[in-house]
Each structure stands twice: as structure tokens, then as C-alpha cells.
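For ligands, and for the atoms within them, numbers begin at 1 and follow the listed sequence.
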Amino acid sequence: MSAVPKPDTQAERKAFYDRIDSRNVTPLWEVLHGLIIKEPNTLAQPFLWPWAQMRPWLMEAGQLISAEEAERRVLVLENPGLRGKSRITNSLYAGLQLIMPGEVAPAHRHSQSALRFVIEGNGAYTSVDGERVFMAPGDFIITPSWTYHDHGNPGNEPVVWMDGLDVAIVELFDAQFLERPEARVQSTSKTQGESFARFATTMLPVNYKTTSHTSPLFWYPYDRSREALHALSKAEPVDPAQGWKLRYANPGNGGYPMPTIATFLQLLPKGFKGQDYRSTDATSFCVMEGRGTFHCGGQSFAYGPKDVFIAPSWRHWHLDADEESVIFSFSDRPVQQALDLWREQV
Ligand code: 1HN
């Protein structure tokens, strides 16, 4: 038996494909090799958005449109390999949001979970289900799925933060809803720090029970996280790839603070030369302190405070620190781990 198809085989196959195609059926063997591949081959690319460029563009946007009119005045950080999709990685969204003194970003709620990492300015607040929190640079804040949230800036300086949302993940499941309440600004029914008092002290209310997969603590102030990193650096040897790295935790169950997004804070000592590392969770970084170089996929990017940069899935990267550096990062690791997909390689 010959393995070579008869001369008329190609035509017969084509006719067959056309016939089944009209009823929305297609042969797997024509697409299999593109569907199941040996390892991740993402379109996402490494990139760095320098603060020196982003800040003037944000301030320009501040003159062009109000937070009220925009609903959210955000410059979206689009991965150069995924333009037009509002994504920094294949699964996550990121943007830089500006709120000017006196402005309000009106209340809404949606299925997407959001994180905020404050980059610059003091005096703005975000409210989550009636609890207001004033934000300071380096603070990590969660807006859980389907919680009402609005932002405001009663202070006297512009405030900028990075948003990270699981937009593409929710879209994958076609599971999104959005609601806008009558009131633009939520009435504050709780005092600032209420959830902090309940959940940020290594204790839990004795009757605490929840069905939510999101942390009941939604404000992780920078000074505490920074202090923890500092203490860790005195207590244990530096990891050759990550420096000293902490993951933010849900105090209710020890897991990640959000069901779809993991967040981290790492400290690199001055002169650190990180080992090459890769993992399947594409990671977005925001520099809080220090300067150095981010190397990824054969490219090098000088980094400094407030820059955002991205390591795509399964691309090798490492960090070299010219100055002691503190870097925040986030990824879709909780989803990959829940699905037994996550891998890393040092
Ligand atoms: C959103 O609700 C906010 O509440 C920011 O600040 C960015 C991007 C996509 C969808 C919803 C916010 C967003 C967003």
C-alpha cells in the first residue's frame, strides 16, 4: 500500500471539506498542528513603558478630557504584539489612570476584578462597597468582582495608579455584566480602615465565613509590605532569580488576594544580577524604587521608578539592579494553578 494519495485525492478531500463546512463541521487534521504545540508561542512581546514618557501624556490627557466624561481616564498599555485588544498580556489588561484634583470617577460595578497599584500622588480615594480608602504611592488595592467602586480626588495634586484587570479572562467565558447605580458617588457606609482592622492583623473575626474567592482585605499599604521585605532581606539569603520576593495573600485563606490575579513585591539588592527565569504566567511589573536593567527575550530595557514592563509567557528574563530596587508585579498565576497548567523554570 502506498502512502501517497491518489491524484484525485486532494480534489476529493477538498470537496468533502466544502460539503461538511456548509454545516459548520471541519476536519481536525487540517488544524491540529497549530492547535496543539510543543510549548507556549505567544504573540505578546517584551516591552517597557517609561514613566518619563507616560507622565506627560497622562497630563495631556488630563487637559483633553475629564474623568467624568471619560468614565475612567486611562491610557491603556497595549502589548506591541497584541495591538487593538486592550491587553498587556494575552489574559490581562493594564492601564495608567489619572484623577485630577476635584474630580470624581463615577460609581459602577462589573464582573471583572481589578487591582490598583498607586504610582504617584496623594489625596485620592477609592471606595469599594461603601468603604473609602485614601491611596498612597506603593499601595496595592483590590476592587473585587461585582463590587461598586468609584474614585475621587479631594486633594490638591494629580494622582496616578496602574490598573490591572482580568478583562480577557472574563471575556473568554462570556460571563460579564456591568451596572451603573443612580448615585455617581457611593455614600460611605463604613469608616476608613474597617476591613483593615478586621483582616490585616493576622487575626480574623471569630465568626468570619465567606463564599468569595477574593480577599476581604482590599487595601495593602506600601509601608507594611516594604517593611516586610526589608525584614526578610535581613533574615534569609537572596533568591538568585527573584531577589527577596513576597506574594500578597488573602488573610482569609492564605491564597492569592484575587481569584484571577496574583500580585507580588520583590526587593533586589544593589548590584543584583538575576539568574535567567521563565514561567508560563506572563508577568507585568511596575517599579516602585530603584534603577537597573530588565532583560527579556534577547532585548534589554533600562528601568527606573514608575516604569511598567512586561515579560511574556515562557520567555526567559532576568533583572539586574544598579540600585536597590523594589518592584511590584502581577500575573494570571492563580488561574493557571487552579487548572494545573502553571510551570516555571530557573
Ligand atoms: C474600570 O472599571 C476601571 O474602575 C479602570 O477604575 C479600568 C478597564 C476596563 C474595564 C473597566 C476603574 C478599567 C475598568
Proximity flag H108 to ligand 1, non-hydrogen atoms under 4.0 Å: yes

Shared hydrophobic cluster for W219 and F134 (ILVMFWY, side-chain gaps under 4.5 Å): no

Co-members of Y93 in a cluster of I, L, V, M, F, W and Y side chains, linked at under 4.5 Å: V74, V76, L165, V167

Carboxylate-amine/guanidinium contact E324 K270, below 4.0 Å: no

Centroid-centroid under 6.0 Å between Y303 and F294 rings: no

Cationic N near anionic O, under 4.0 Å, K306 to E120: yes

Distance from atom 10 (C) of ligand 1 to nearest protein heavy atom, with residue and atom: L165 CD2, 3.9 Å

Atoms of ligand 1 close to H110 [distance to a heavy atom under 4.0 angstrom, numbered from 1]: 1 (C), 2 (O), 11 (C)

Selection from V76, D163, D166 by shortest heavy-atom distance to atom 7 (C) of ligand 1: D163

Top protein contact for atom 4 (O) of ligand 1, by heavy-atom distance: R72 NE, 2.7 Å

Ring centre gap for Y208 and F199 strictly below 6.0 Å: yes

Test of proximity, H149 against ligand 1: N or O pairs below 3.5 Å: yes

Side chain, backbone, both or neither: the part of Q97 lying under 4.0 Å from ligand 1 by heavy atom: side chain

Close N or O approach (W161, ligand 1; < 3.5 Å): no

Pair D150 + R184: basic N to acidic O under 4.0 Å: no

Interfacing atoms of ligand 1 (cut-off 4.0 Å, heavy-atom, H151): 4 (O), 6 (O), 12 (C)

